[in-house]
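The sequence lines fix the lettering, A, B, ..., with proteins before strands; numbering per chain opens at 1. Heavy atoms only: backbone and side chains are in, while hydrogens, waters and symmetry mates are out.
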There are 2 protein chains.
Amino acid sequence: MSSIKCDAFKELLKQKGLKITAQRESVLEVLKNHEGNHLTVEEIYEKVKTLSPEIGLATVYRTIQLLSELKLVDKLELNDGFIRYEIGKFDGGKHNHHHLICEICGRVIEAEDDLLDLIEETCRKKYDFKVTNHVVKFYGICNKCSEK
Amino acid sequence: MSSIKCDAFKELLKQKGLKITAQRESVLEVLKNHEGNHLTVEEIYEKVKTLSPEIGLATVYRTIQLLSELKLVDKLELNDGFIRYEIGKFDGGKHNHHHLICEICGRVIEAEDDLLDLIEETCRKKYDFKVTNHVVKFYGICNKCSEK
DNA sequence: ATTCCTGCAAAAACTTTGCACCATG
DNA sequence: CATGGTGCAAAGTTTTTGCAGGAAT
């Protein structure tokens, strides 16, 4: 498994004099295989154990922290009380990240449209703030819940 | 202190057969007095103790949970590792909530513009999802950090 | 009076740290 | 072989819960 993201990861580690270990690769692998799944630490741990059975929870925490610092994963709080992580989606300058969260059933829909340019323009003009990334959460009622 | 928000709170409690206590009023009071301040539980606790010195931390947790359920306060994760709360800003149908977070100094600027109508329109058309509220976080570089 | 709340302390859940051993570069 | 990483267990944090006494309706 040698996708672009894995290569980027190895490259970043090398640059910083850090080591490429099976555990680190496994954690990244799990996150890659569950893109858009918003995993909790415990869920990541459970899934990683199938790839690296001997891994300790502490290593999962340490690796997630590392991946966060490298901007390869994003922390997420979907207001269900859990802190979640998912692999970053902003390769090559894109930075879209919209979640549609149903207030009734809690379902999370991933939206990909990027219509925020206008707002970013306003941030720049009005607040002199240069936007480099954004996270948007829309709360509402999903189609299934509307039907009921 | 009998603002609109306090009255709304008392009304909601009454409706649900819950009781109006000094502790609950104090917690709401603190959040009202620090609108836009993004307080952690510990900060709320410290400030509430000046109003209700005998209050316990457990009661602060319980009250915040209650206020969350009543949609009077919003949970916030500004990616500095702390979970924060602030009083809700969507009285009377408004639901704006944009944070500009500087990736260098961590400063949080509150933006009030609401230019998201287009996006909400798209959510409705494309995903059949009715948006009732949104939380938007823009990461970027603030003016002070740009100058350096 | 009845029901709900509170403070306290204990428990549970979550996250970080120290250390001896191991693996990578 | 030097440096950094790992697993484990212990320590630190944060949050929740049980319970007996107290307050609100």
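- Membership of the apolar cluster around B:Y139 extends to A:V135, B:L76, B:L78, B:I101, B:V108, as traced through chained side-chain contacts below 4.5 Å between ILVMFWY residues.
- Legend: residues meeting side chain to side chain contact (heavy atoms under 4.5 Å, CB included) with B:K144, ordered by chain and number and at least two apart, are B:R107, B:C142.
- Two residues, B:A22 and A:E54, neighbour DNA chain D, and the one matched to the more 5' nucleotide by heavy-atom proximity is A:E54.
- Checked against side chain to side chain contact (heavy atoms under 4.5 Å, CB included), B:T59 has the following partners two or more places apart in sequence or in another chain: B:Q23, B:I55, B:R62, B:T63.
- Look at B:T21 and you won't find any side-chain N or O under 4.0 angstrom from OP1 or OP2 of C:dC4.
- Ion pairing of A:E103 with B:K71 is present here, as a side-chain N (NZ or NE/NH1/NH2) and a carboxylate O approach within less than 4.0 Å.
- Every residue meeting the side-chain hydrogen bond (donor to acceptor under 3.5 Å, both in side chains) condition with A:D80, not counting sequence neighbours, appears here in chain and number order: A:R84.
- Of all nucleotides in DNA chain D having an atom under 4.0 Å from a heavy atom of chain A, the first and last in 5' to 3' order are D:dT3 to D:dC8.
- Near-neighbour residues of DNA chain C inside residues 56-64 of chain B, defined by a heavy atom below 4.0 Å, number-ordered: B:G56, B:A58, B:T59, B:R62.
- A:I141 belongs to a hydrophobic cluster whose other members, connected by ILVMFWY side-chain contacts under 4.5 Å either directly or through intermediates, are A:I104.
- Legend: residues meeting side chain to side chain contact (heavy atoms under 4.5 Å, CB included) with B:Q15, ordered by chain and number and at least two apart, are B:E11, B:L12.
- In this view, A:F138 and B:H134 satisfy the ring pair (Phe, Tyr, Trp, His ring centres under 6.0 Å) rule, not counting sequence neighbours.
- For residues 48-57 of chain B, the set of pairs meeting the salt bridge (charged side-chain N to carboxylate O under 4.0 Å, His left out) definition, not counting sequence neighbours, comprises B:E46-B:K49.
- Listed by chain and residue number, B:K10, B:L13, B:E25 satisfy the side chain to side chain contact (heavy atoms under 4.5 Å, CB included) test with B:I20 (two or more places apart in sequence, or in another chain).
- Inter-axis angle, ends of the helix from C:dA1-D:dT25 to C:dG25-D:dC1, five pairs per end, rounded to 10 degrees: 40°.
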